[in-house]
Trainee: 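Could you have a look at this structure, given as structure tokens, before my questions?
These numbers come from a predicted model, not from an experiment. As the structure lists them, so they are numbered: ligands from 1, and atoms in each ligand from 1.
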Amino acid sequence: WAKADGKSRWALYDPERNAREVARFTLSATMPAALERDEFYVDYQPLVRLEDSTVVGVEALVRWQHPEFGRLAPDRFIELAEETGLIVPLGRWVLRAACRQARRWLEEFGESAPFVSVNLAVRQSRDPELVRDVKRILDECALPPHHLQLELTESAIMGTADEPLEALRALSDMGVRIAIDDFGTGYSNLAYLKHLPVHELKIAGSFMEGLRAADEEDPVDVQIVSTLVQLAHALRLGVTAEGVETPSQAKRLHRIGCDTGQGWFFAKPMTPGEIDELLRA
Ligand code: C2E
Ligand code: MG
Ligand code: MG
Ligand code: MG
């Protein structure tokens, strides 16, 4: 009894939980100043065409170089930024950084330069200024719209409101590419998908686990990935597999007919300078 009692007390005054809450609060409160002080930066991860290993695009992934806590991954602060609304200016900052970088690659490598793929949070997809912001940033960077892709999750696209859809249509009409991120983990309305202004499906990394050497693969995962690839192609969309970590996964995906891969097997997220080297090689 004493033990059970002690346990429930710990549940109420859990010091670790308390520390986590304090850390969350601190991060959340200091984020606006961090944005001002340029503590955020962007890494880029190659999107590789499976047919010939060409780097067709790069995904922009934000990081926070925190003066006290060191380098923070987006999982530590994106959700907080969504809660406080800071995601809108932060997301705009990432978009501008990525478009500027894309412009530099365009100047150095010409039309074969990779497009940049930028993640949009749900809150950004519902921001009435979204289309205007994107247009202004593309103009400011003199970046042709097809060098920009925007990644939205199923929940951002399949929401109830019409505004995000109208915004996506306007962006797509402008020539910006639209991708659905982490596809297969949400609750997409497939009938609806047919009418969406989308160019690319990115299959969530969780399905890649079962794609191993032939004798040890998980037939269910293989079937799911094949079905999603066929679905994308039936809708005349491109399809990218996320979280590709091994050569056997890459080979299997190629045989399945997937167009593009992203993951540690090809390259980890890296600095713009490292992307330069990769593109020159
Ligand atoms: P995501 O958009 O699905 O991005 C892919 C994530 O998978 C990245 O994590 C990437 O580093 C990781 N990854 C890449 N290859 C592999 C692999 O082979 N195996 C495994 N296990 N993971 C791999 P990261 O950089 O930590 O980003 C996490 C999430 O944070 C992103 O997921 C995205 O939803 C969000 N995020 C990142 N940058 C931004 C941003 O600028 N704005 C918004 N709104 N969200 C962002
Ligand atoms: Mg993404
Ligand atoms: Mg993803
Ligand atoms: Mg994600």
Trainee: Would Gln149 and Val176 count as a side chain to side chain contact (heavy atoms under 4.5 Å, CB included) here? Give the steps.
Mentor: CA-CA 6 Å; Gln149 173 167 279; Val176 173; over 6 Å; no
Trainee: Using ring centroids (six-membered ring only for Trp), state whether Trp105 and Phe115 fall under 6.0 Å.
Mentor: no
Trainee: Restricting to N, O or S, what is the name of the atom of Glu59 that lies nearest the Mg ion (ligand 2)?
Mentor: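 Minimum-distance N/O/S atom of Glu59 relative to the Mg ion (ligand 2) is OE2.
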Trainee: Under a 4.0 angstrom heavy-atom cut-off, which atoms of ligand 1 come close to Pro269?
Mentor: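 Checking each atom against Pro269, I get 11 (O).
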Trainee: Please confirm whether Glu59 comes under 4.0 Å of ligand 1, counting heavy atoms of the residue only.
Mentor: yes
Trainee: Answer yes or no: is there a donor N or O on one side and an acceptor on the other, between the side chain of Thr84 and the main chain of Leu86, under 3.5 Å?
Mentor: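 Side chain of Thr84 to backbone of Leu86: a pair is present.
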Trainee: Heavy atoms only, cut-off 4.0 Å: how does Gln262 contact ligand 1, side chain, backbone, both, or neither?
Mentor: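 No part of Gln262 is near ligand 1 at this cut-off.
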Trainee: Just let me know how Val118 lines up against ligand 1, side chain, backbone, both or neither, with a heavy-atom cut-off below 4.0 Å.
Mentor: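 It is neither; nothing of Val118 touches ligand 1.
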Trainee: Classify the ring geometry of Trp64 against Phe40: parallel below 30°, tilted from 30° to 60°, perpendicular beyond 60°.
Mentor: tilted
Trainee: Run the numbers for me: atoms of ligand 1, each under 4.0 Å from some heavy atom of Val62, listed by number.
Mentor: 38 (N), 39 (C), 40 (C), 41 (O)
Trainee: Please answer whether the main-chain N or O of Ala267 pairs with a side-chain N or O of Gln45 as donor and acceptor at a distance below 3.5 Å.
Mentor: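 Checked: pair present.
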Trainee: Indicate yes or no: does an N/O atom of Pro74 lie under 3.5 Å from an N/O atom of ligand 1?
Mentor: no
Trainee: Closer than 4.0 angstrom, basic N to acidic O: yes or no for Arg63 and Asp43?
Mentor: yes
Trainee: Say whether, by atom type as modelled, one donor and one acceptor occur between the side chain of Gln249 and the main chain of Thr246 under 3.5 angstrom.
Mentor: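 Confirmed, Gln249 side chain pairs with Thr246 backbone.
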Trainee: List ligand 1 atoms under 4.0 Å from Ala121, heavy atoms only on the residue side.
Mentor: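 Close to Ala121: 44 (N).
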Trainee: Name of the Glu242 N, O or S atom nearest the Mg ion (ligand 3)?
Mentor: OE1
Trainee: Show me which atoms of ligand 1 lie under 4.0 Å from any heavy atom of Glu242.
Mentor: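 Once the distances to Glu242 are compared, the set is 3 (O), 5 (C).
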Trainee: Looking only at N, O or S atoms, which one in Asp182 sits nearest to the Mg ion (ligand 3)?
Mentor: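 Nearest N/O/S atom of Asp182: OD1.
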Trainee: State which residue, out of Glu209, Glu217, Glu216, fulfils the salt bridge (Lys or Arg N to Asp or Glu O under 4.0 Å) condition with Arg252.
Mentor: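 Between Arg252 and the candidates, salt bridge (Lys or Arg N to Asp or Glu O under 4.0 Å) is satisfied uniquely by Glu217.
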Trainee: Would you say Asp181 reaches the Mg ion (ligand 2) with an N/O/S atom under 2.8 Å?
Mentor: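 So Asp181 counts as coordinating the Mg ion (ligand 2), yes.
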Trainee: For Glu16, look at atom CD and say whether over 12 heavy atoms of other residues, nucleotides or ligands are found less than 6.0 Å away.
Mentor: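 No, because the 6.0 Å sphere around CD of Glu16 holds 12 heavy atoms or fewer from other groups.
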Trainee: Mind checking whether Gly91 has a heavy atom under 4.0 Å from ligand 1?
Mentor: no
Trainee: Do Glu154 side-chain atoms and Gly184 backbone N/O form a donor-acceptor pair below 3.5 Å?
Mentor: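 At least one qualifying donor-acceptor pair exists.
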Trainee: Would you tell me which option among Ile87, Val94, Asn119 has the nearest heavy-atom contact to atom 45 (N) of ligand 1?
Mentor: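 That would be Asn119.
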Trainee: Report the part of Val244 (side chain from C-beta onward, or backbone N, CA, C, O) that has a heavy atom under 4.0 Å from ligand 1; answer both or neither where that applies.
Mentor: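 Answer for Val244: backbone.
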Trainee: Would you say Gly205 touches ligand 1, if touching means a heavy atom closer than 4.0 Å?
Mentor: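 Distance cut 4.0 Å: Gly205 fails for ligand 1.
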Trainee: For Arg104, is there any backbone N or O sitting under 3.5 Å from a side-chain donor or acceptor partner on Glu107?
Mentor: no
Trainee: N/O/S of Glu151 less than 2.8 Å from the Mg ion (ligand 3)?
Mentor: no
Trainee: Could you tell me whether Asp75 approaches ligand 1 through its side chain, its backbone, both or neither, with non-hydrogen atoms closer than 4.0 Å?
Mentor: side chain
Trainee: Taking both backbone and side chain into account, is any N, O or S atom of Ser117 nearer than 2.8 Å to the Mg ion (ligand 2)?
Mentor: no
Trainee: Numbering the atoms of ligand 1 from 1, which are under 4.0 Å from a heavy atom of Arg63?
Mentor: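 Ligand 1 atoms under the 4.0 Å threshold to Arg63: 25 (O).
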Trainee: Please name the pair of heavy atoms, one in Tyr192 and one in Ile157, separated by the smallest distance, quoted to 0.1 Å.
Mentor: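 Heavy atoms of Tyr192 and Ile157 come nearest at CE2-O, 4.3 Å.
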